[in-house]
Every structure is written in C-alpha cells, then in structure tokens.
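Per chain, numbering begins at 1; letters A, B, ... match sequence-line order.
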There are 2 protein chains.
Amino acid sequence: MRIPIQINENSAEPLYHQIETQLRSLIISGQIEEGTLLPSIREFAGGLNCSVITVRRVYQDLENEGLLRTRQGTGTFVAGVGEQARAQFKHDAVFKALEAAVDTAQSVHCSEEELRSMFFKIVEKKYGGKGGEIGGESSD
Amino acid sequence: MRIPIQINENSAEPLYHQIETQLRSLIISGQIEEGTLLPSIREFAGGLNCSVITVRRVYQDLENEGLLRTRQGTGTFVAGVGEQARAQFKHDAVFKALEAAVDTAQSVHCSEEELRSMFFKIVEKKYGGKGGEIGGESSD
DNA sequence: TATAGTGTGTATAAAGATATATACACTAAG
DNA sequence: CTTAGTGTATATATCTTTATACACACTATA
C-alpha cells in the first residue's frame, strides 16, 4: 500500500507533525480502509527520507488516538473509525480552518462586517447560493 | 508603536517563527517606517504573552538580516530596507507560494500539463490576459 | 519439533532546536 | 552616584530528530 504523504522541507512545521496530520486525514476520511496493513516503519521512513524513529512516533501517536493498531513483529494496521470520531474530525478541521481565516482577517484589520460579507459571498459561490441562508438578515 | 502580530496558539509553527515572519513582512512592506523604535523586548513579550527570550531571538535574527538595529541600554530600531532587499523579499515570498502550490499539485497526482494549463488560466484571469507573456526582462 | 533467517516493532542514548526564568550589563536621565 | 529603562548572558527544561542495538513474530527447512 502506497501512502501519499507530501513533505514540505521548507515548512517550519515539525516533520512528525506533517506526517501525522496527513496520515490521520487519510485514515479518517476513509481513503485508507480499515484493516489495511501500513508500510513498515523502515519502508515508510525510506520513502519519506526520514528516520525510523520519526515514523514510529507517528504510528504511536495515532495508535494512542485509536486510529491504528500495532503488533510487534507483525506490523501496524488501520483501526476502525467510528462515525463519532469522523464527525469530530470534520468539525475540528473546519473549525481550525475558519479560526485561521478569522485570525488573518483580524491581522489585517478587516472589520467584522467586511469579514461576514466576504464569507457569505464565498459560501454562496461555492455552495450554489440556494441552501441554508438561515436567519438571512444580510442581503447586501 | 503598536505592532500588529497575530499568534496562532494551535499552529505547529514555532512561536519565534510566527513572530519573525510577520514582523519581517511589516518592515519590508514599509508598514513600519525606517527609524521606528520598536517596543522593548519585555513590553513586546508581555503583549504577545511569551518569554522575553523569544522576542530577543526575533530581534536578533532580524538584526542579522539587516532589518533591525539594536543598541544595548537604548532599544531596537527599524533599519532602512534597500530596494534590493525588498525585491529579494518579494521574490522569495512568491517563490515559496508557488513551490507550495506545485507540491500540492503533485500530492494529488496532478499532471504537469494540467498544472501548466491551470496556471496559465489563473494568470490570464488575474492579470487581465494582455501584457507581458514571455518578455524575458524579469528581475533575476 | 527445532532453529536459523528475515521481517516486524521497541528501547536507549544523544544531539539539536525551541522556550523559559533569572541574574547581569549597558545607557540615559534625575 | 542612583535609578529606571534598555538589551545580554547563563543555565535549564522541553520538544524534535536521529543512530544504534535489542526484542518479538512469522516462515522455510531440516
């Protein structure tokens, strides 16, 4: 099984964190099926051009999260992801992305009104502009 | 002088790196004028809710880049930014952004042809699709 | 059954990067 | 000189990453 992980050498984000984030996403999104045998830590490390220990840490962290199941001498497998965990993951991913966007807006002194306007415009464009305009007070 | 730095607590990007990147941008873009006295490391650290040493490192790094001028017992000032440095900064910023975009393309197995096609389309859209195509007198 | 071989994950030690607290040194002003 | 403001140096803890050696599990084969 080839695992498509993309490492950005220039990023200040720690290596293990880049791998962990992407692998977690692949598992929870279902792109890697439950029960799949992941590459050995040596093979994975070779492909990513990093140390065996770094991959080991990723596997261990994700096992602690319940996403992986590891057996010494045998290998590391993808565990089942409950619907609750999947929902939690989606929520967190969206929440963090929005949070970052709002931070950026504030850093350039964008007003709340401007921000809301931009957001509605983007949502309307990306989602087709029909659905959930709940409480639609902003018709601008 | 208030320095608008936005810290993302959740980011895996090191604290000093977040501060450094944003302050560098403020200086080179000219949003902070040459000769400006920056906050003392204690005042700055207090505002950012971090250690004095972290701010000290940022000031030192930027001084090594020639962007700041520091005098013990007095304070830290913004140095002049030459046109060359400004150009270099712009170049690096664009280069890194493009690099990241290409990395992303590769991570989703986008072919070079597709990538080039998308790029040309975007450039045409963003720049109006008229002017300098392959002129060659670019800086570099 | 026994055992050697090759594959797996695991433990230990060490180096470098990041962040902090605390004490020290310099400068300007009273 | 004293004082209150600057930046600076030292020691320390934690995080990130690595190299190396060790322990466990399957399998071929005698």
#### Entry: Ion pair A:Glu83/A:Arg86, N-O distance below 4.0 Å
yes

Heavy-atom nearest pair, A:Gly35 first then A:Phe77, reads O-CD2, 3.6 Å

Tightest non-hydrogen contact, residues B:Gly66 and B:Ala79, listed as O-CB, 3.5 Å

Here the residues of residues 62-70 of chain A within 4.0 Å heavy-atom distance, strictly under, of DNA chain D are none

>> Hydrophobic clusters here meaning ILVMFWY residues chained together by side-chain heavy-atom distances under 4.5 Å, can you tell me if B:Ile7 and B:Leu38 are in one?
In response: yes

Contacted region of DNA chain D by chain A, from 5' end to 3' end of the hits, cut-off under 4.0 Å to heavy atoms, spans D:dT16 to D:dC26

So, with a heavy-atom separation below 4.0 Å from DNA chain C, the residues of residues 33-42 of chain A are A:Ser40, A:Ile41, A:Arg42

Is any side-chain N of the basic residue among B:Lys121 and B:Glu124 closer than 4.0 Å to the acidic one's carboxylate O?
-> no

Rounded to whole Å, the OH-C1' distance (B:Tyr59 to C:dA19) equals 17 Å

What residues 45-54 of chain B contributes to the DNA chain D interface at heavy-atom separation below 4.0 Å is B:Ile53

Salt bridge (charged side-chain N to carboxylate O under 4.0 Å, His left out) pairs touching residues 25-54 of chain B, sequence neighbours excluded, are none

### Query
Any side-chain N or O of B:Arg57 under 4.0 Å from OP1/OP2 of C:dT18?
yes

Taking for A:Thr74 and for B:Arg71 the nucleotide of DNA chain C with the nearest heavy atom, the one nearer the 5' end belongs to A:Thr74

task = Report the C-alpha separation of B:Leu68 and B:Asp61 in whole Å, then their side-chain angles, then the decisive distance to 0.1 Å, and conclude whether the side-chain contact (heavy atoms from CB on, under 4.5 Å) test is met.
result = CA-CA 9 Å; B:Leu68 296 180; B:Asp61 286 351; over 6 Å; no

Heavy-atom closest pair (A:Val55 atom, A:Cys50 atom, distance to 0.1 Å) is CG2-SG, 3.9 Å

Is any NZ, NE, NH1 or NH2 atom of the basic residue among A:Glu65 and A:Arg24 found under 4.0 Å from an Asp or Glu carboxylate oxygen of the other? yes

In sequence, state the C-alpha distance, the side-chain angles, and the governing distance for A:Thr54 and A:Ile41, and then conclude on side-chain contact (heavy atoms from CB on, under 4.5 Å).
CA-CA 9 Å; A:Thr54 300; A:Ile41 56 176; over 6 Å; no

Side chain to side chain donor-acceptor pair (under 3.5 Å) filter on A:Ser29, not counting sequence neighbours, yields A:Gln31

